[in-house]
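These notes are about the structure you will find just below.
Here the structure is a predicted model, which is why all the values come from computation and not from measurement. Below, read A as the first sequence line, B as the second, and so on, with proteins coming before strands; counting in each chain starts at 1. Below, all heavy atoms of this structure are taken into account, side chains as well, without hydrogens, waters or symmetry copies.
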Protein chains: 2
Amino acid sequence: MTKKRPRAHAPRRPAAGRTATIKRVADHARVSIATVSRAFADPQAVSPELRLRVEEAARTLNYQPSRAARALRSGTSRAVGVVIPDLENPFFTAVVRGIDIVLQAAGYTLLLASANEDTARERNVLETLRAEGVAGIIFVPINATRDAYRHVLAPPLHTVVIDRLPSNLRADHVTVDNVEGTRAGVTHLLDLGHRDVALLSGPLRHSTAKEREQGYEQALRAAGVPLRADLVYRGDFREGGGYDGMRTLLALPRRPTAVLVANNLMTLGAFRALHEARVRIPDEVALVGFDDMPWATSLNPPLTAIGQPSQEIGSAAADLLLGRIAHPDRTFRHVMLETTLVVRASSGTAVRPPRTRPAAGPHHRRAPVTS
Amino acid sequence: MTKKRPRAHAPRRPAAGRTATIKRVADHARVSIATVSRAFADPQAVSPELRLRVEEAARTLNYQPSRAARALRSGTSRAVGVVIPDLENPFFTAVVRGIDIVLQAAGYTLLLASANEDTARERNVLETLRAEGVAGIIFVPINATRDAYRHVLAPPLHTVVIDRLPSNLRADHVTVDNVEGTRAGVTHLLDLGHRDVALLSGPLRHSTAKEREQGYEQALRAAGVPLRADLVYRGDFREGGGYDGMRTLLALPRRPTAVLVANNLMTLGAFRALHEARVRIPDEVALVGFDDMPWATSLNPPLTAIGQPSQEIGSAAADLLLGRIAHPDRTFRHVMLETTLVVRASSGTAVRPPRTRPAAGPHHRRAPVTS
DNA sequence: GATTCGCGTGAAAACGTTATCACGCCATGG
DNA sequence: CCATGGCGTGATAACGTTTTCACGCGAATC
């Protein structure tokens, strides 16, 4: 069971004829491996002369530090996990693109996972990412309560939340001003003379749905238009929900003359329902959709939309995460971005410029607010 | 420079109050770490009694093997890189979804990167994935020649190519039957009585564009309709290309009465151009698009489309990759999937069932062909 | 009844890093 | 002049696995 003399083991070839290890660089530069490591991690800690030798050796040998070894030893990897509810919703993919750009530039790798709108799957995926040893996670939560995410918040892992914010969750997060966006959209319809303005909303457990309803109510109140409960339909934020909702509205004894749809997929469903019923847009029903999408101009008529700076939402989230990795103890930040009303034909001929803020130029970002 | 006595080093806490290491499991089960490792890697190599003890210990300690250590030691990780040209093209995201599902089930992690249709970026991204030590790469190449990808093919890395196949590239790959798909689409238009059928195609360096043109020509030839060179427009497979192409076609002295658009984004552009010019679809111009998209039914009129089994393309690719990881030396395989013509209003009232193969049921996949 | 074989197990090397400690050196201060 | 301190460098432990080798043991073989 015990024995004395040392053994000679057959070393396994590493991954392949792969490139240099830190040791080969060290030999080539005639320094120790510690110096090589330092030359990369903290360049000014090593004398200029040696640093140069190391850099050159690394270049000629085409040295790429092993991420696995680095992760194993330091316990942290340069990878960031991104979890979205649905890969096929273009809003989310645009957000991911924004994240990707920032992360790429910072030398991080992006691990993407889709939860497919499934709570169990989301949990599973978050666990995997954590086991994978990512440096942080950016995600769009499905659930509305913090409890579902307690395990994600465990210290070594940094978290940034996008779009929907679970109640009581303390974390950096990025949202858009849903209240103001919707208010602007509804006000636009009111300005065009509509009085029976309906709202196709989503599940109230989503903060976005709640906020968009608030914006809707604010706009009506400000215009002195009484709220009609039957004009608010709550769908599921999916295509079918928009379809069903629009059909319900069309069947009302007093049909709305304008509808604001609170989500991009539902907008598609609403369009389908209107076309099917041969209702003319915008003459019989004017339409405004939340979320500007690539296909908005190809719809017939082109869609008036409340655009979110999707890509910028992603970049902001990535910035937030990188900032927190650098300063783990700073207070949580909440970045809120503005929406932009893009007026096209589906809301009717614009008789005057929309009553939102004057075109704000390229800057949408509001000053960060510490929550 | 040299010294004799051993040193006591302060051990760094690993990633955090993280869970058990293999050592703790071993202690708890009163076996060696080797046995624990074996109990997972090759269960039948360890006696049932010990295996049970190990399994129980792992469960109570909530043991998750460190991926980093595993990757470092074995030189291969359970991660797969996926590279697509554009994150915001729903065709690609649907493919990714298919990949994701298979990979997830097999316990692999998906590293997604978008090349943003940029060759340099693509190269960069592939390098990163290789450095990351992924077990394999599934990708939709931007370039048409093998040379651009020679570095990816280096042995330890397995590659599966999707959609477009660079010439001379020897690798597993998955495509759809573009020739047959287009042929069916054009034939459908011919069956409806059209004779001036145009094609909005893409860059010929893409194998997909070439094949779709072939299908177009085959259909015309089969119907005895002479080819008109001015009816084939080659765009860039982006929205703008479809818009420009359609405008060009509309400006022809002898305008086509039907158009097949060879790509989803170009279809959106074509719709926009038609709406702008107030051309009635399908009365003045009938339309068929390659690629069925979620929004196809929301267009006005709903789009007749040549659908690709996008998600299935992804699963097939993932299957291929897993197969190759298991059997590195098997011959390369080429899986070709069928398309499905979905007739909607944009091609005009279907006076008779389309002349494609009879509805094939849920099975699209053709028997794999070794290339 | 001695040899061979196979099987299950444990000890320990190795993977490629990072981070700690110790050491030699030179400058500084008493 | 000697003690103190800082700085640059090298040697090396440690991270948590996988995998090789050796060993003990019981069964099969001659």
Sorted by position of nearest nucleotide on DNA chain D, 5' first, the leading residue of B:A34 and B:L72 is B:L72
CG of A:D319 to CZ of A:R324, rounded to nearest 0.5 Å, is 13.5 Å
One would report the end-axis bend of the helix from C:dG1-D:dC30 to C:dA27-D:dT4, five pairs per end and rounded to 10 degrees, as 50°
Residue pairs meeting side-chain hydrogen bond (donor to acceptor under 3.5 Å, both in side chains), one or both in residues 99-116 of chain A, sequence neighbours left out, come to A:R67-A:T109, A:D100-B:R121, A:Q104-B:R121, A:T109-B:E132, A:S114-A:N116
Within residues 41-48 of chain B, those residues having any heavy atom closer than 4.0 Å to DNA chain D are none
Q) Taking only N and O in the side chain of B:S32, is any of them less than 4.0 Å away from OP1 or OP2 of C:dG10? A) yes
query = Is a donor on one side and an acceptor on the other found under 3.5 Å between the side chain of B:D172 and the backbone of B:R333?
reply = yes
Contacts of B:A68 and B:R38 projected onto DNA chain D by closest heavy atom; the upstream (5') one is B:A68
When rounded to whole Å, the CZ to P distance for the pair A:R51 and D:dC7 reads 15 Å
Rounded to whole Å, the CD1-C1' distance (B:I22 to D:dA14) equals 16 Å
Run the side chain to side chain contact (heavy atoms under 4.5 Å, CB included) test on B:L110 and B:I99 for me, step by step, so that the C-alpha distance in whole Å, both residues' side-chain angles and the decisive distance to 0.1 Å come before the verdict.
CA-CA 9 Å; B:L110 188 159; B:I99 296 173; 4.2 Å; yes
Tell me whether the OP1 or OP2 atom of D:dT18 has a side-chain N or O from B:S37 closer than 4.0 Å.
yes
Looking only at heavy atoms, the pair that brings A:A171 and A:V161 closest together is CB-CG2, 4.3 Å
To the nearest angstrom, the CD1-C1' distance between A:I33 and D:dG8 comes to 17 Å
When rounded to whole Å, the CZ to C1' distance for the pair A:R53 and D:dT9 reads 12 Å
Students often get this wrong, so: under 4.0 angstrom with heavy atoms, is A:L50 touching a base, only sugar-phosphate, or nothing? sugar-phosphate
*asked:* Quick check on C:dG16: is either OP1 or OP2 less than 4.0 Å from any side-chain nitrogen or oxygen of A:S66?
replied: no
Here the distance between atom P of C:dG16 and atom CG of A:D27, to the nearest Å, is 13 Å
Would one find a side-chain N or O of B:R70 under 4.0 angstrom from OP1 or OP2 of D:dT18?
yes
Taking donor-acceptor contacts at under 3.5 Å, does the side chain of A:R73 reach the base of C:dT18?
yes
Here the distance between atom P of C:dT18 and atom NZ of A:K23, to the nearest Å, is 16 Å
Distance col, row A:T60:OG1 vs A:R24:CZ, nearest 0.5 angstrom, shows 9.5 Å
Rounding to 0.5 Å, atoms CZ (B:F139) and OG1 (B:T159) come to a distance of 6.5 Å
